[in-house]
Amino acid sequence: MEFCGWLDRTFRRYRVAGEEYPRYSVLIPGAGESSGKQFNILYKQTSALVRTMDLNTLARALLAEMESLSFRDRDDAIYTEVGMLTTNGTRALVPGRFTSFLGRLGRRQIERSGVSLPGTMYVTIDPNSGRVVPAPPSLKIPKDAFDRLAEIGPTNGSSDRVFVDEPSPVDVVFWVDNMSEVPFHPLSRGFVLSRLWTWTVNAPKLGRTAIEGLTRLVEPTRCYGLEISDSRQMLENIVAAIKSA
Amino acid sequence: MPAMKPRIRQDLTVVELDGEAVIYDDESGELHHLNPTATVVFTLCDGTATVKELSADIADAFSQPADEVEKQVRTLLREFRNANLLEGNMVSSAAPKGKGNGKAKVKKARG
(Lines give C-alpha, C1' and ligand atoms only; values in the text may rest on other atoms or scores of the structure.)
Protein backbone atom coordinates (compact mmCIF):
# COMPACT_ATOMS: atom_id res chain seq x y z
CA MET A 1 0.00 0.00 0.00
CA GLU A 2 2.92 2.36 0.63
CA PHE A 3 4.00 2.13 -2.99
CA CYS A 4 0.40 2.89 -4.01
CA GLY A 5 0.65 6.05 -1.95
CA TRP A 6 3.89 6.94 -3.72
CA LEU A 7 2.25 6.35 -7.11
CA ASP A 8 -0.73 8.44 -6.16
CA ARG A 9 1.38 11.36 -4.97
CA THR A 10 3.88 11.20 -7.84
CA PHE A 11 1.38 11.00 -10.68
CA ARG A 12 -1.55 12.79 -9.00
CA ARG A 13 -1.93 15.43 -11.68
CA TYR A 14 -2.41 12.69 -14.30
CA ARG A 15 -5.07 10.76 -12.45
CA VAL A 16 -8.25 10.14 -14.47
CA ALA A 17 -11.81 9.66 -13.28
CA GLY A 18 -13.54 6.37 -13.96
CA GLU A 19 -11.99 3.12 -15.03
CA GLU A 20 -9.49 2.58 -17.80
CA TYR A 21 -8.02 -0.63 -19.12
CA PRO A 22 -4.75 -0.98 -17.18
CA ARG A 23 -1.74 -0.98 -19.43
CA TYR A 24 0.82 -1.31 -16.63
CA SER A 25 0.80 -3.02 -13.26
CA VAL A 26 3.35 -3.31 -10.50
CA LEU A 27 4.12 -6.14 -8.10
CA ILE A 28 5.88 -5.15 -4.88
CA PRO A 29 6.64 -7.91 -2.34
CA GLY A 30 4.90 -7.32 0.98
CA ALA A 31 6.80 -6.43 4.14
CA GLY A 32 6.28 -9.90 5.59
CA GLU A 33 7.44 -11.80 2.51
CA SER A 34 11.23 -11.59 2.78
CA SER A 35 10.94 -8.43 0.75
CA GLY A 36 14.70 -8.11 0.48
CA LYS A 37 14.91 -11.32 -1.50
CA GLN A 38 12.01 -10.97 -3.89
CA PHE A 39 11.66 -9.09 -7.13
CA ASN A 40 9.70 -5.96 -7.67
CA ILE A 41 8.13 -6.37 -11.09
CA LEU A 42 6.79 -3.90 -13.64
CA TYR A 43 4.32 -5.46 -16.05
CA LYS A 44 3.09 -4.10 -19.33
CA GLN A 45 -0.17 -5.96 -19.75
CA THR A 46 1.05 -9.54 -19.23
CA SER A 47 4.75 -9.03 -20.04
CA ALA A 48 7.20 -8.50 -17.20
CA LEU A 49 9.20 -5.51 -18.45
CA VAL A 50 11.55 -5.19 -15.49
CA ARG A 51 12.27 -7.49 -12.56
CA THR A 52 14.49 -5.90 -9.95
CA MET A 53 15.32 -6.00 -6.26
CA ASP A 54 15.76 -2.25 -6.31
CA LEU A 55 12.63 -0.17 -5.88
CA ASN A 56 14.32 2.90 -7.36
CA THR A 57 15.01 0.96 -10.55
CA LEU A 58 11.40 -0.12 -10.79
CA ALA A 59 10.15 3.42 -10.26
CA ARG A 60 12.53 4.78 -12.92
CA ALA A 61 11.40 2.11 -15.36
CA LEU A 62 7.77 2.96 -14.68
CA LEU A 63 8.41 6.65 -15.17
CA ALA A 64 10.24 5.93 -18.42
CA GLU A 65 7.25 3.96 -19.67
CA MET A 66 4.92 6.83 -18.74
CA GLU A 67 7.16 9.24 -20.66
CA SER A 68 7.20 6.94 -23.69
CA LEU A 69 3.47 7.41 -24.17
CA SER A 70 4.18 10.87 -25.58
CA PHE A 71 7.10 9.95 -27.87
CA ARG A 72 5.07 9.48 -31.04
CA ASP A 73 4.02 13.11 -31.10
CA ARG A 74 7.34 14.68 -30.13
CA ASP A 75 9.96 16.22 -32.39
CA ASP A 76 12.58 17.20 -29.81
CA ALA A 77 14.61 14.00 -30.32
CA ILE A 78 14.49 10.60 -31.99
CA TYR A 79 12.63 7.96 -29.95
CA THR A 80 13.34 4.37 -30.89
CA GLU A 81 11.99 1.19 -29.36
CA VAL A 82 15.32 -0.35 -28.45
CA GLY A 83 16.96 -0.78 -25.05
CA MET A 84 20.57 -0.21 -24.14
CA LEU A 85 22.53 -2.86 -22.28
CA THR A 86 26.14 -2.73 -21.18
CA THR A 87 28.83 -5.29 -20.65
CA ASN A 88 32.45 -4.66 -19.81
CA GLY A 89 32.25 -1.03 -20.91
CA THR A 90 30.54 -1.80 -24.23
CA ARG A 91 27.15 -0.22 -24.93
CA ALA A 92 24.79 -2.21 -27.12
CA LEU A 93 21.25 -1.74 -28.36
CA VAL A 94 18.72 -4.57 -28.48
CA PRO A 95 15.08 -4.49 -29.66
CA GLY A 96 12.95 -3.10 -26.84
CA ARG A 97 10.44 -5.94 -26.83
CA PHE A 98 13.30 -8.36 -26.46
CA THR A 99 14.37 -6.87 -23.14
CA SER A 100 11.67 -8.54 -21.08
CA PHE A 101 12.58 -11.86 -22.69
CA LEU A 102 16.16 -11.50 -21.52
CA GLY A 103 14.97 -10.42 -18.10
CA ARG A 104 13.37 -13.82 -17.44
CA LEU A 105 16.71 -15.12 -16.29
CA GLY A 106 17.48 -15.34 -12.58
CA ARG A 107 19.43 -12.57 -10.92
CA ARG A 108 22.55 -14.69 -10.47
CA GLN A 109 22.53 -15.85 -14.10
CA ILE A 110 22.41 -12.27 -15.27
CA GLU A 111 25.15 -11.22 -12.84
CA ARG A 112 27.40 -14.07 -13.95
CA SER A 113 26.95 -13.06 -17.59
CA GLY A 114 28.44 -9.64 -16.81
CA VAL A 115 25.59 -7.91 -18.65
CA SER A 116 23.51 -5.07 -17.25
CA LEU A 117 20.11 -5.22 -18.90
CA PRO A 118 18.19 -2.19 -20.13
CA GLY A 119 15.98 -0.33 -17.67
CA THR A 120 13.87 1.13 -20.47
CA MET A 121 12.40 -0.22 -23.68
CA TYR A 122 13.18 2.97 -25.60
CA VAL A 123 16.23 5.10 -26.20
CA THR A 124 16.31 8.77 -26.97
CA ILE A 125 18.74 9.79 -29.69
CA ASP A 126 20.11 13.25 -30.33
CA PRO A 127 19.74 13.69 -34.11
CA ASN A 128 22.73 16.03 -34.32
CA SER A 129 25.27 13.78 -32.59
CA GLY A 130 23.73 10.34 -33.03
CA ARG A 131 24.32 9.65 -29.34
CA VAL A 132 21.77 8.21 -26.96
CA VAL A 133 20.76 10.84 -24.43
CA PRO A 134 18.46 11.11 -21.42
CA ALA A 135 14.89 11.68 -22.57
CA PRO A 136 13.83 15.29 -21.99
CA PRO A 137 11.15 14.90 -19.31
CA SER A 138 7.64 15.90 -20.25
CA LEU A 139 5.83 14.69 -17.12
CA LYS A 140 5.70 16.95 -14.10
CA ILE A 141 6.33 14.96 -10.92
CA PRO A 142 7.30 16.13 -7.43
CA LYS A 143 11.03 16.88 -7.17
CA ASP A 144 11.38 14.69 -4.08
CA ALA A 145 9.56 11.70 -5.62
CA PHE A 146 12.62 9.46 -5.77
CA ASP A 147 13.98 10.61 -2.40
CA ARG A 148 10.77 9.39 -0.78
CA LEU A 149 11.18 5.92 -2.26
CA ALA A 150 13.89 5.07 0.24
CA GLU A 151 11.29 5.43 2.98
CA ILE A 152 9.17 2.72 1.39
CA GLY A 153 11.42 -0.16 0.52
CA PRO A 154 14.89 -1.40 -0.34
CA THR A 155 16.91 0.74 -2.71
CA ASN A 156 20.44 -0.34 -3.48
CA GLY A 157 21.83 3.09 -4.18
CA SER A 158 22.86 1.92 -7.64
CA SER A 159 20.60 0.47 -10.25
CA ASP A 160 20.91 -3.08 -11.54
CA ARG A 161 19.58 -1.87 -14.91
CA VAL A 162 20.95 0.55 -17.47
CA PHE A 163 19.46 4.01 -17.64
CA VAL A 164 20.92 6.69 -19.88
CA ASP A 165 22.03 9.51 -17.61
CA GLU A 166 24.40 11.27 -20.01
CA PRO A 167 25.02 11.42 -23.78
CA SER A 168 26.63 8.14 -24.80
CA PRO A 169 27.84 6.67 -28.07
CA VAL A 170 26.66 3.20 -28.98
CA ASP A 171 29.19 0.49 -29.83
CA VAL A 172 27.03 -2.40 -31.04
CA VAL A 173 23.51 -2.83 -32.38
CA PHE A 174 21.80 -6.21 -32.22
CA TRP A 175 18.84 -7.42 -34.18
CA VAL A 176 16.89 -10.63 -33.59
CA ASP A 177 17.08 -12.53 -36.85
CA ASN A 178 14.39 -15.19 -37.04
CA MET A 179 16.06 -16.66 -40.13
CA SER A 180 19.46 -17.09 -38.53
CA GLU A 181 20.88 -20.55 -37.98
CA VAL A 182 24.06 -19.44 -36.25
CA PRO A 183 24.28 -17.91 -32.77
CA PHE A 184 25.21 -14.51 -34.17
CA HIS A 185 26.38 -13.10 -37.48
CA PRO A 186 27.43 -9.69 -38.79
CA LEU A 187 24.68 -7.54 -40.25
CA SER A 188 25.11 -4.65 -42.63
CA ARG A 189 24.66 -1.26 -41.08
CA GLY A 190 22.36 -0.33 -43.95
CA PHE A 191 19.99 -3.13 -42.95
CA VAL A 192 20.13 -2.18 -39.28
CA LEU A 193 19.48 1.47 -40.15
CA SER A 194 16.33 0.47 -42.02
CA ARG A 195 15.21 -1.67 -39.05
CA LEU A 196 15.84 1.11 -36.54
CA TRP A 197 13.72 3.39 -38.71
CA THR A 198 10.74 1.04 -38.41
CA TRP A 199 11.12 1.01 -34.63
CA THR A 200 11.40 4.77 -34.34
CA VAL A 201 8.00 5.81 -33.08
CA ASN A 202 8.26 9.43 -34.21
CA ALA A 203 9.92 8.71 -37.54
CA PRO A 204 6.95 9.99 -39.59
CA LYS A 205 7.03 13.24 -37.64
CA LEU A 206 10.78 13.78 -37.95
CA GLY A 207 11.28 12.46 -41.47
CA ARG A 208 14.71 13.32 -42.82
CA THR A 209 15.98 14.42 -39.38
CA ALA A 210 15.33 10.89 -38.07
CA ILE A 211 17.18 9.13 -40.88
CA GLU A 212 20.16 11.46 -40.58
CA GLY A 213 20.31 11.06 -36.81
CA LEU A 214 19.96 7.29 -36.96
CA THR A 215 22.73 7.20 -39.57
CA ARG A 216 25.03 9.08 -37.19
CA LEU A 217 24.18 6.54 -34.48
CA VAL A 218 24.72 3.45 -36.64
CA GLU A 219 27.75 4.55 -38.64
CA PRO A 220 30.42 3.87 -35.97
CA THR A 221 28.82 0.67 -34.66
CA ARG A 222 29.20 -3.03 -35.26
CA CYS A 223 25.92 -4.79 -36.02
CA TYR A 224 24.90 -8.37 -35.42
CA GLY A 225 21.89 -10.58 -35.98
CA LEU A 226 21.05 -12.93 -33.13
CA GLU A 227 19.59 -16.40 -33.57
CA ILE A 228 16.36 -16.90 -31.67
CA SER A 229 17.01 -19.18 -28.72
CA ASP A 230 16.32 -19.34 -24.98
CA SER A 231 17.13 -16.34 -22.78
CA ARG A 232 20.33 -17.79 -21.34
CA GLN A 233 21.74 -18.75 -24.73
CA MET A 234 20.86 -15.41 -26.29
CA LEU A 235 22.55 -13.57 -23.47
CA GLU A 236 25.67 -15.71 -23.96
CA ASN A 237 25.52 -15.00 -27.69
CA ILE A 238 25.34 -11.27 -27.04
CA VAL A 239 28.47 -11.47 -24.90
CA ALA A 240 30.25 -13.64 -27.46
CA ALA A 241 29.38 -11.28 -30.32
CA ILE A 242 30.67 -8.27 -28.40
CA LYS A 243 33.92 -10.06 -27.56
CA SER A 244 34.35 -11.25 -31.15
CA ALA A 245 35.64 -7.90 -32.43
CA MET B 1 12.73 9.34 -79.75
CA PRO B 2 15.96 9.60 -77.73
CA ALA B 3 16.71 6.81 -75.26
CA MET B 4 15.88 7.67 -71.67
CA LYS B 5 18.67 8.38 -69.27
CA PRO B 6 17.42 7.46 -65.81
CA ARG B 7 18.09 9.91 -63.01
CA ILE B 8 17.24 9.58 -59.35
CA ARG B 9 15.08 12.26 -57.78
CA GLN B 10 17.19 15.01 -56.33
CA ASP B 11 14.90 15.57 -53.34
CA LEU B 12 15.52 12.12 -51.87
CA THR B 13 17.69 11.67 -48.79
CA VAL B 14 20.19 8.91 -49.57
CA VAL B 15 22.70 7.36 -47.20
CA GLU B 16 25.00 4.49 -48.05
CA LEU B 17 26.35 2.12 -45.41
CA ASP B 18 28.33 -1.02 -46.16
CA GLY B 19 27.49 -0.71 -49.84
CA GLU B 20 23.75 -0.57 -49.22
CA ALA B 21 21.66 2.49 -49.93
CA VAL B 22 18.96 3.61 -47.53
CA ILE B 23 16.67 6.14 -49.19
CA TYR B 24 14.16 8.38 -47.48
CA ASP B 25 11.37 9.90 -49.58
CA ASP B 26 9.95 12.88 -47.72
CA GLU B 27 7.04 13.11 -50.16
CA SER B 28 5.65 9.67 -49.31
CA GLY B 29 7.24 9.15 -45.89
CA GLU B 30 8.64 5.84 -47.11
CA LEU B 31 12.08 4.37 -46.53
CA HIS B 32 13.74 2.11 -49.08
CA HIS B 33 16.64 -0.23 -48.40
CA LEU B 34 18.64 -1.49 -51.38
CA ASN B 35 20.97 -4.48 -51.42
CA PRO B 36 24.48 -3.94 -52.85
CA THR B 37 23.54 -4.83 -56.44
CA ALA B 38 20.56 -2.50 -56.50
CA THR B 39 22.70 0.18 -54.88
CA VAL B 40 25.24 0.02 -57.70
CA VAL B 41 22.52 0.53 -60.29
CA PHE B 42 20.85 3.24 -58.23
CA THR B 43 23.98 5.29 -57.82
CA LEU B 44 24.69 5.10 -61.56
CA CYS B 45 21.33 6.67 -62.35
CA ASP B 46 22.69 10.19 -62.69
CA GLY B 47 20.98 11.18 -65.91
CA THR B 48 24.11 10.87 -68.07
CA ALA B 49 23.77 7.34 -69.42
CA THR B 50 21.11 5.35 -71.23
CA VAL B 51 20.02 2.01 -69.85
CA LYS B 52 22.22 0.23 -72.41
CA GLU B 53 25.25 2.36 -71.58
CA LEU B 54 24.71 1.94 -67.86
CA SER B 55 24.35 -1.83 -68.25
CA ALA B 56 27.48 -2.03 -70.40
CA ASP B 57 29.48 -0.19 -67.73
CA ILE B 58 28.31 -2.58 -65.04
CA ALA B 59 28.93 -5.62 -67.24
CA ASP B 60 32.49 -4.41 -67.88
CA ALA B 61 33.17 -3.69 -64.24
CA PHE B 62 31.93 -7.05 -63.04
CA SER B 63 32.92 -9.12 -66.11
CA GLN B 64 29.36 -10.26 -66.69
CA PRO B 65 27.49 -10.83 -69.99
CA ALA B 66 26.02 -7.50 -71.11
CA ASP B 67 22.59 -8.83 -72.09
CA GLU B 68 22.10 -10.55 -68.72
CA VAL B 69 23.12 -7.41 -66.88
CA GLU B 70 20.74 -5.33 -68.97
CA LYS B 71 17.83 -7.60 -68.03
CA GLN B 72 18.60 -7.16 -64.35
CA VAL B 73 19.10 -3.43 -64.71
CA ARG B 74 15.76 -3.00 -66.46
CA THR B 75 14.05 -5.02 -63.72
CA LEU B 76 15.61 -2.82 -61.08
CA LEU B 77 14.71 0.37 -62.92
CA ARG B 78 11.11 -0.79 -63.06
CA GLU B 79 11.20 -1.27 -59.30
CA PHE B 80 12.74 2.18 -58.86
CA ARG B 81 10.04 3.70 -61.06
CA ASN B 82 7.28 1.87 -59.17
CA ALA B 83 8.74 3.23 -55.93
CA ASN B 84 8.81 6.73 -57.45
CA LEU B 85 12.56 7.07 -56.97
CA LEU B 86 13.36 8.31 -60.47
CA GLU B 87 12.72 11.67 -62.03
CA GLY B 88 10.04 11.88 -64.65
CA ASN B 89 7.83 9.19 -63.05
CA MET B 90 4.11 9.17 -63.81
CA VAL B 91 2.44 9.43 -60.43
CA SER B 92 -0.68 7.23 -60.31
CA SER B 93 -3.93 8.55 -58.92
CA ALA B 94 -3.69 5.94 -56.10
CA ALA B 95 -0.31 7.14 -54.89
CA PRO B 96 -0.27 8.89 -51.47
CA LYS B 97 0.28 12.63 -51.39
CA GLY B 98 2.05 14.58 -48.69
CA LYS B 99 3.71 12.87 -45.75
CA GLY B 100 2.14 9.43 -46.10
CA ASN B 101 -0.27 7.95 -43.56
CA GLY B 102 1.82 8.44 -40.42
CA LYS B 103 3.38 4.98 -40.38
CA ALA B 104 7.06 4.34 -40.95
CA LYS B 105 7.48 2.09 -43.99
CA VAL B 106 10.51 0.35 -45.38
CA LYS B 107 10.72 -1.20 -48.81
CA LYS B 108 13.55 -3.36 -50.02
CA ALA B 109 14.69 -3.54 -53.62
CA ARG B 110 16.34 -6.75 -54.60
CA GLY B 111 18.93 -6.97 -57.33
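Every chain is numbered from 1 and lettered A, B, ... according to where its sequence line falls, protein lines coming before strand lines.
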Look up atom CG in A:Leu193 and atom CG in B:Leu31, then write down how far apart they are to the nearest 0.5 Å.
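A:Leu193 atom CG to B:Leu31 atom CG measures 6.5 Å (nearest 0.5 Å).
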
What distance do A:Ile211 atom CD1 and B:Asp25 atom CG have between them, rounded to the nearest 0.5 Å?
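So the gap between those two atoms works out to 12.0 Å.
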
Results of side chain to side chain donor-acceptor pair (under 3.5 Å) for B:Thr48 - residues two or more places apart only
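B:Thr48 satisfies side chain to side chain donor-acceptor pair (under 3.5 Å) with B:Asp46 only.
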
Tell me the residues of residues 80-91 of chain A whose non-hydrogen atoms fall below 4.5 Å from those of chain B, in number order.
none

Any residue meeting side-chain contact (heavy atoms from CB on, under 4.5 Å) with A:Arg216, in chain and number order, not counting sequence neighbours:
A:Glu212

Go through the atoms of A:Val192 and report whether side chain, backbone, both or neither lie under 4.5 Å from a heavy atom of chain B.
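For A:Val192, there is no contact with chain B at all, as no heavy atom is under 4.5 Å.
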
Please find the pair of heavy atoms, one from A:Arg208 and one from B:Tyr24, that lie closest to each other, and give the distance.
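Where A:Arg208 meets B:Tyr24 most closely, the heavy atoms are N-CE2, 3.3 Å.
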
Smallest heavy-atom separation, B:Glu20 atom then A:Ser188 atom, equals OE1-OG, 2.6 Å

Residue by residue, scan residues 6-19 of chain B and write down, ordered by number, those that have a heavy-atom distance under 4.5 Å to chain A; if none do, write 'none'.
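The stretch touches chain A at B:Thr13, B:Val15, B:Leu17, B:Asp18.
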
